[in-house]
A.B. asks: 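Sharing a structure here in structure tokens format.
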Amino acid sequence: MKPCADLIVTNISSLLTLSGPERPRSGVEMSNLGIIPNAAMAISGDTVIWTGPVQKLAGAVDRHSATLTIDAENHAVLPGFVECHTHLVFGGTREDEFARKIAGVPYMQIAAEGGGIKRTVRDTRAASEADLMETGLQRIREALRLGITAIEIKSGYGLNMETERKILTVARQLAEQTPATLVTTFLGAHEIPVDRSREEYLDEVCEKMIPFVAREKLAEFCDVFCEKGVFSLDESERVLTTGIHYGLKPKIHADQLTPGGGAELASRMHAVSADHLDYTGPAGMKALADAGVVGVLLPGAVFFLGLNRFPAARDMIAANVPIALSTDFNPGSCMSLNIHLMMTIACTRCRMTIPETLTAVTHNAACAIDRQNRLGSLVPGKQADFVILDCPSVETIPYHFGHNHVKHVFCKGRSIVENGIVLPFQTP
Ligand code: NIG
Ligand code: FE
């Protein structure tokens with residue numbers, strides 16, 4: 001018996017299925033997008049049930065009286081983008097710091113003067129849950145308009161129990177009130193708060209916050225900013241080990257501003273992902289590849305901070321590190337959710353190919369949040385999160401940059417963005 005579709009998308013110029021192994025993809029695997037030309041796709045409920053050439057649709061799928069058919073008008077269709085590294089819930093913004101950075105003041109100096117993360121911590125502590133919900137909803141609408149259908153959200157602008165809890169609670173509420181798939185990460189170890197000593201705060205993170213976050217199921221992952229002047233390798237290991245003990249899967253901000261052995265630590269901890277990697281050298285790359293840790297590159301942060309040390313993506317791909325790409329959306333180092341722009345920067349500054357960037361923002365990004373069983377590809381059994389572009393070729397996305405080529409977006413088989421307009425969210 002043929003499967004019966006609730007929704008059929010037909011007349012697709014090029015369907016990027018991203019079919020292939022479910023594990024993180026590395027090396028030449030990143031160039032294989034599983035493209036079906038002149039394609040159709042069938043969906044039942046929230047799940048893809050069939051993809052193939054248009055001519056085979058009628059023979060493969062049944063319809064019922066209410067089956068909806070959408071004409072993609074000979075445009076390209078691809079999986080919804082998976083945004084696997086954001087700090088999306090925070091109070092305030094930092095335009096003035098951007099102006100100082102342009103004038104040549106280093107990021108670490110601004111941080112040392114009480115700006116940077118500490119400034120956003122003050123603003124986030126002062127913000128009400130309702131304020132954070134309002135800006136969070138605006139940001140998720142913006143993400144959806146760009147075709148981002150899954151988002152990882154980190155805490156880390158609270159640096160005390162009360163505000164870390166507030167951020168993660170808001171993220172959980174956003175997950176209930178929006179159609180996007182959201183996952184949360186506890187990043188209490190993002191900075192040392194001004195009102196605690198290093199030892200006191202690390203003890204608080206490990207002895208109070210992580211157990212609380214795990215018990216209340218506020219996060220699935222635990223992250224740490226492993227960086228000179230922030231958390232050392234040993235301190236980072238303590239945080240991640242404690243997280244693992246309480247069932248939180250490890251992630252790490254590694255080798256962002258200096259080389260520090262963060263990639264090697266990620267591999268020893270069997271982290272789900274190691275993120276930034278701007279200074280990671282050959283030994284770190286080999287360690288990541290051997291352990292199958294996804295390297296999440298965030299070239300928008302390098303670009304926005306006006307730095308020149310972009311991650312060595314070509315060397316990483318040659319070393320078989322599976323690469324994902326993300327914005328790092330945050331008020332300090334990348335105030336943009338534009339994942340399309342990150343693809344362009346990855347192409348021009350990291351010399352990634354267009355197919356590699358597409359794997360990096362779909363399947364490999366899903367692996368970086370441990371959701372590859374449902375997200376990041378359009379093959380039978382996967383969640384029907386997809387984007388219909390306004391053009392026949394996906395290559396137009398990084399090429400015609402600064403323009404949003406996303407026309408329609410579907411989350412779990414439901415229309416969320418129509419002709420570039422985000423529809424009102426239906427409450428569950
Ligand atoms: O990922 N690396 C640490 N945290 C952020 C920057 C945070 C900020 O400046 O507010 C990042 O780049
Ligand atoms: Fe980050």
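Counting starts at 1 for both ligands and their atoms, following the listed order. For reference, positions follow the sequence shown, starting with 1.
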A.B. asks: Need the atom name: nearest N/O/S atom of H87 to the Fe ion (ligand 2).
C.D. replies: NE2
A.B. asks: Is any side-chain heavy atom of P398 closer than 4.5 Å to one of H340?
C.D. replies: no
A.B. asks: Tabulate distances under 3.5 Å between N/O atoms of ligand 1 and N/O atoms of the protein, writing both atom names on each line.
C.D. replies:
unit_1   : atom_1 : unit_2 : atom_2 : d
ligand 1 : 1 (O)  : H87    : NE2    : 3.4
ligand 1 : 1 (O)  : H253   : NE2    : 3.3
ligand 1 : 1 (O)  : H276   : NE2    : 3.1
ligand 1 : 1 (O)  : D328   : OD1    : 2.9
ligand 1 : 1 (O)  : D328   : OD2    : 2.8
ligand 1 : 2 (N)  : Q256   : OE1    : 2.7
ligand 1 : 4 (N)  : H190   : NE2    : 2.8
ligand 1 : 9 (O)  : R94    : NH2    : 2.8
ligand 1 : 9 (O)  : Y107   : OH     : 2.5
ligand 1 : 10 (O) : R94    : NH1    : 2.9
ligand 1 : 10 (O) : R94    : NH2    : 3.4
ligand 1 : 10 (O) : Y157   : OH     : 2.5
ligand 1 : 12 (O) : Q256   : NE2    : 3.3
ligand 1 : 12 (O) : D328   : OD2    : 2.8
ligand 1 : 12 (O) : S333   : OG     : 2.6

A.B. asks: Around atom CZ of R309, are there more than 12 heavy atoms from other residues, nucleotides or ligands closer than 6.0 Å?
C.D. replies: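 For R309, atom CZ is crowded (more than 12 foreign heavy atoms under 6.0 Å).
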A.B. asks: Quick check with a 6.0 Å cut-off and a 45 degree axis cone: is R349 positioned over the face of F303's six-membered ring?
C.D. replies: no
A.B. asks: Around F212, counting heavy atoms of other residues, nucleotides and ligands shown, do more than 12 lie under 6.0 Å from its CZ?
C.D. replies: yes
A.B. asks: Looking from the Fe ion (ligand 2), what is the angle between NE2 on H85 and OD1 on D328, to the nearest 10°?
C.D. replies: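 Value, to the nearest 10 degrees: 80°.
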A.B. asks: Are E142 and R145 ion-paired here, with the side-chain N under 4.0 Å from a carboxylate O?
C.D. replies: yes
A.B. asks: Should the ring pair H253 and H85 be called parallel, tilted or perpendicular, given that the plane angle runs from 0 to 90° and is split at 30 and 60?
C.D. replies: perpendicular
A.B. asks: So, is the end of the R119 side chain (NZ or CZ) under 6.0 Å from the ring centre of Y157 and within 45° of the ring's axis?
C.D. replies: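 The answer is no; the distance or angle limit is not met.
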